[in-house]
Amino acid sequence: MADVRTLPDAEVAPDAPPSPTHVTIRREDYTPPDWLVPEIALKFTLELDKTKVQSKLTVRRNPTSATANAVLRLNGDELKPVGIWVDGTPSEAWEMDGDDLLVTLAGDAHEVAIETEINPSANSKLMGLYASNDMLCTQCEAEGFRRITFFPDRPDVLSKYRVRMEADEARFPILLTNGNPVATGKLDGGRHWAEWEDPFPKPSYLFALVAGDLKPNRDSFTTMSGRKVDLAIWVREADLAKTGHAMESLKAAMAWDEKVYGREYDLDLFNIVAVSDFNMGAMENKGLNIFNSAYVLADTDTATDVDFDNIARVVAHEYFHNWSGDRVTCLDWFQLSLKEGFTVFRDQSFSADTGSPAVKRIEDVRSLRSFQFPEDSGPLAHPVRPDSYMEISNFYTATVYNKGAELIRMMHTVLGPEKFRAGTDLYFQRHDGQAATCDDFVKALEDGSGVDLSAFKIWYSQAGTPLVDARVSYDPGSGTATMELEQRVKPTPGQPEKAPMPIPLKTALIGEKSGAEIAPERLVLLDQPKQSVRFEGLSEAPLLSINRGFSAPVVMRAQRGPHDLERLAQSDTDPFARYEAMQDLAMNLLTAGARGEEVDPEPLIRAVRNTLDSNALDPAFKAEAILLPQEALIAERMDVVDSDAVHRSREHLRHALGSSLAAELKRAQASVMAGADRTPLAKGTRRLRSVALDLIAGGDPAEGVRLAKAQFDAADNMTDRQRSLAVLASLDGPEREEALAAFLDRFKDDALVVDKWFAIQAQSQRTDTPERVERLATHPLFSLTNPNRLRAVVSQFAMNHWAFNEESGRGYRFVSDMIMAADRLNPQIAARLVPAFGKWRRFEPKRSALMHEQLERIVGTAGLSRDTYEQASKSLG
Ligand SMILES: [Zn+2]
């Protein structure tokens with residue numbers, strides 16, 4: 001690994017691609033493909049550094065295409081044709097257009113054969129066919145298939161695949177691809193072959209191939225119509241013992257999708273493969289899901305409760321795509337949320353049904369606020385269905401995924417579960433085997449439910465998070481209350497004027513004295529700039545409980561004083577609203593503190609004490625409720641961000657809570673260790689322990705060190721171990737380095753745990769953190785080519801608000817150095833690090849200028865990828 005800091009800024013690696021042409025692709029320019037490819041036969045002669053790909057495309061003119069174009073355009077990326085045949089005869093009627101291959105055809109139907117040669121070992125972009133730990137695997141979404149062979153690489157060209165793989169049997173004993181295996185055999189020289197067929201037409205982005213020395217965890221699932229499906233999770237032999245949870249999650253997801261959506265699995269087998277080098281979390285290739293090993297492998301000694309939950313969520317997500325993505329796919333990449341927003345909504349519902357719905361909702365909203373809200377208020381803001389892009393990889397965003405899921409959730413809320421199901425049944429029936437659009441989805445929901453949802457379509461096209469102001473006035477004489485609502489969306493890039501949006505707000509009134517629901521929950525649809533709602537027959541002063549369950553993805557600014565919030569934190573009948581009251585109470589103090597105002601923490605201290613003492617609340621909910629908002633979220637609420645002031649304000653409140661509630665917090669922290677038990681109660685207990693430990697350390701750092709080290713030493717599971725180490729990593733004393741060294745020594749051979757070791761240090765709340773991450777980037781175990789390791793250091797550090805924004809700009813320089821170094825190897829991963837700089841306009845002048853300087857430095861780099869150029873140039877605005 002090279003020390004990236006020694007590279008001059010504008011140096012271009014010898015093999016860097018020529019300066020890319022930064023072409024913008026627009027949704028309005030969509031035209032149907034001129035040619036269709038109903039069938040494709042592929043033959044792979046596999047080797048790590050020289051793989052031969054022979055493809056045979058059955059092509060025919062698309063009857064719905066407006067042009068009678070004789071030229072068949074086949075996309076390529078860093079490919080050269082070795083040979084081209086049309087109807088069995090070598091053809092000269094072709095030319096290259098940039099990376100694309102253009103073949104001129106005489107008639108309406110032909111067979112086009114192409115041979116290419118690729119080098120998987122040299123493929124550091126991890127798109128197309130690449131090598132990882134001596135195995136070969138693929139990633140084709142969005143445009144990786146064109147790095148394997150020439151093809152109309154767009155999601156609306158669906159083909160039936162027949163694939164033959166040949167390889168050395170000792171090196172690649174297992175050969176897998178999509179669909180079902182049809183034949184295998186031996187060849188001379190220790191080689192073997194396998195042939196597979198996928199009966200379902202699919203777009204090229206769902207193609208997958210795996211070759212390697214893998215071992216399966218096998219199981220089976222009997223579908224609702226009684227068919228037996230073989231299941232297998234393929235990993236390296238040493239990892240087999242860590243696949244049990246993923247397998248249980250898969251079977252639970254299959255059963256859930258039958259019960260809740262009526263969706264049955266359609267092939268004879270379902271394979272999952274774990275890969276160490278992977279750009280994304282996982283990929284839903286038909287019948288052959290390829291996973292980042294972080295979302296497959298777990299045991300209680302090496303994986304945390306969060307890891308276990310993430311595995312269940314991602315396994316379910318990819319499985320659900322078999323219908324929402326594979327059987328019904330996207331017309332073009334602008335429709336990405338058609339499959340992603342809907343599938344995230346489905347995996348969120350699955351996790352809620354199999355765990356605690358209230359805690360799950362809180363976690364999802366926290367993630368929305370941490371990742372999507374900042375995107376929506378920054379220079380990279382874009383609608384759920386974007387209108388243009390330079391590089392589609394940059395649009396696998398929290399907006400397309402998580403806000404897309406919130407949009408589906410709002411329609412689900414308006415329709416109710418039964419009508420929503422009628423809508424999705426119609427959607428799957430109507431569009432099975434097709435490439436569809438977001439409009440098609442809404443139309444199917446409307447036709448299936450009989451409810452007009454057209455107003456909600458603006459959520460697909462208008463970017464920005466709505467701000468909603470709410471205020472209640474009460475007239476004791478008549479027993480009536482009036483709620484005044486007002487909405488506004490700030491301008492976003494390319495959208496200076498905003499229209500009002502339909503915002504479904506679950507609302508109730510809670511009695512100020514009784515703490516009971518004095519006006520039961522109702523769904524208020526705010527669809528005007530201003531609106532008022534009346535409540536009658538009230539017997540006491542009301543407290544406003546609004547956006548219950550987070551029924552709309554908006555920033556709610558309800559006028560409620562500390563007394564009202566304290567009361568709601570104690571008595572709101574909706575768990576999410578109760579959590580929100582607590583968070584609002586804390587957030588108001590934190591923002592006031594960051595502005596330099598005197599604050600009175602007493603109402604929050606009382607509310608936290610009440611929460612800790614409550615016998616009615618489960619520990620997982622308590623942990624969420626007393627967790628102070630993160631610094632990045634506080635910064636989001638500031639007009640001008642001074643990260644030191646934000647940090648001081650939060651530390652001040654953390655100290656106040658920790659010192660005032662030391663006894664209560666220690667009781668929570670000392671609650672019996674739950675060991676390997678993964679029941680909701682045990683998980684919640686562990687979560688509350690760590691939140692309490694962090695507050696104790698805020699009140700008394702020396703006591704924090706003592707308790708954290710004791711917890712670390714006694715831990716019999718990774719959750720307790722990792723969280724106590726994270727607390728220690730921010731404190732002073734020899735215990736910190738001792739524990740970090742012991743952790744690495746014990747787990748140095750487990751890549752996923754080593755990632756945690758890096759991440760804990762990159763996240764540490766210390767003044768020397770920027771210096772420490774620079775050293776971590778020269779550590780022998782650091783790697784620029786492994787996305788998980790790069791993220792563990794660089795993304796985690798960029799999310800460490802205080803340290804990343806250290807005032808000398810050292811953190812900014814480190815991250816931009818890493819972006820430029822990573823860009824030469826893997827542009828997709830490099831580009832994902834750029835949004836850290838997107839908030840430069842929000843900061844005080846000094847930091848703002850330093851961030852701006854780094855963005856200009858990135859944009860000015862010669863040979864920069866299209867991916868990183870798009871993100872950086874848009875961030876400059
Ligand atoms: Zn997905």
Side-chain angles (χ1 to χ4, degrees), residues 126-127 138-145 155 178 202-208 246 249-250 253-254 256-257 260-261 263 265 270-275 278-296 309-352 364 367-368 371-372 375 384-386 389 392-409 424 427-428 431 435-438 441 460 787 828 832:
L126 313 186
M127 287 294 286
T138 53
Q139 170 60 29
C140 291
E141 187 178 0
E143 296 178 338
F145 192 69
N178 314 87
K202 65 172 176 288
S204 49
Y205 80 88
L206 290 174
F207 171 79
S249 303
L250 174 61
M254 294 178 87
W256 187 90
D257 211 20
V260 180
Y261 283 88
R263 300 295 108 199
Y265 187 63
F270 187 87
N271 281 318
I272 286 177
V273 179
V275 176
F278 203 70
N279 283 349
M280 303 289 280
M283 179 62 209
E284 71 264 23
N285 318 299
K286 183 79 187 187
L288 178 55
N289 282 200
I290 298 182
F291 271 60
N292 186 324
S293 53
Y295 295 109
V296 177
D309 286 352
N310 280 337
I311 288 169
R313 170 176 67 80
V314 176
V315 167
H317 179 97
E318 305 309 333
Y319 173 74
F320 296 158
H321 268 315
N322 187 57
W323 276 94
S324 50
D326 297 3
R327 291 283 288 254
V328 185
T329 188
C330 305
L331 184 75
D332 58 35
W333 289 121
F334 297 103
Q335 318 295 328
L336 182 57
S337 196
L338 173 75
K339 75 180 180 77
E340 294 306 340
F342 185 28
T343 306
V344 169
F345 174 69
R346 277 150 59 69
D347 81 56
Q348 288 177 347
S349 313
F350 166 77
S351 298
D364 288 341
S367 145
L368 188 79
F371 299 105
Q372 200 278 323
E375 204 166 272
V384 169
R385 184 189 54 212
Y389 60 77
I392 184 59
S393 301
N394 288 332
F395 284 82
Y396 285 71
T397 60
T399 298
V400 167
Y401 277 64
N402 301 69
K403 188 178 183 179
E406 293 297 323
L407 162 49
I408 308 283
R409 183 181 295 271
T424 58
Y427 169 70
F428 289 124
H431 297 290
T437 64
C438 298
F441 181 79
Y460 281 110
Q828 209 181 95
R832 286 215 186 97

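Note that ligands are numbered from 1 as they come in the structure, with each ligand's atoms numbered from 1 the same way.
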Taking the Zn ion (ligand 1) as the apex, H321 NE2 and H317 NE2 span an angle, rounded to 10°, of 90°
Any cation-pi pair here, R346 with F350, using under 6.0 Å and within 45°? no
Exam field: side chain Q335 to backbone C438, donor-acceptor pair closer than 3.5 Å: yes
With respect to Y396, which candidate in R832, E141, E340 satisfies the side-chain hydrogen bond (donor to acceptor under 3.5 Å, both in side chains) definition? E141
Among T343, N289, D347, side-chain hydrogen bond (donor to acceptor under 3.5 Å, both in side chains) partner for H321: T343
Below 2.8 Å, any N, O or S contact between E284 and the Zn ion (ligand 1)? no
Among the N/O/S atoms of E340, which is closest to the Zn ion (ligand 1)? Give the atom name. OE1
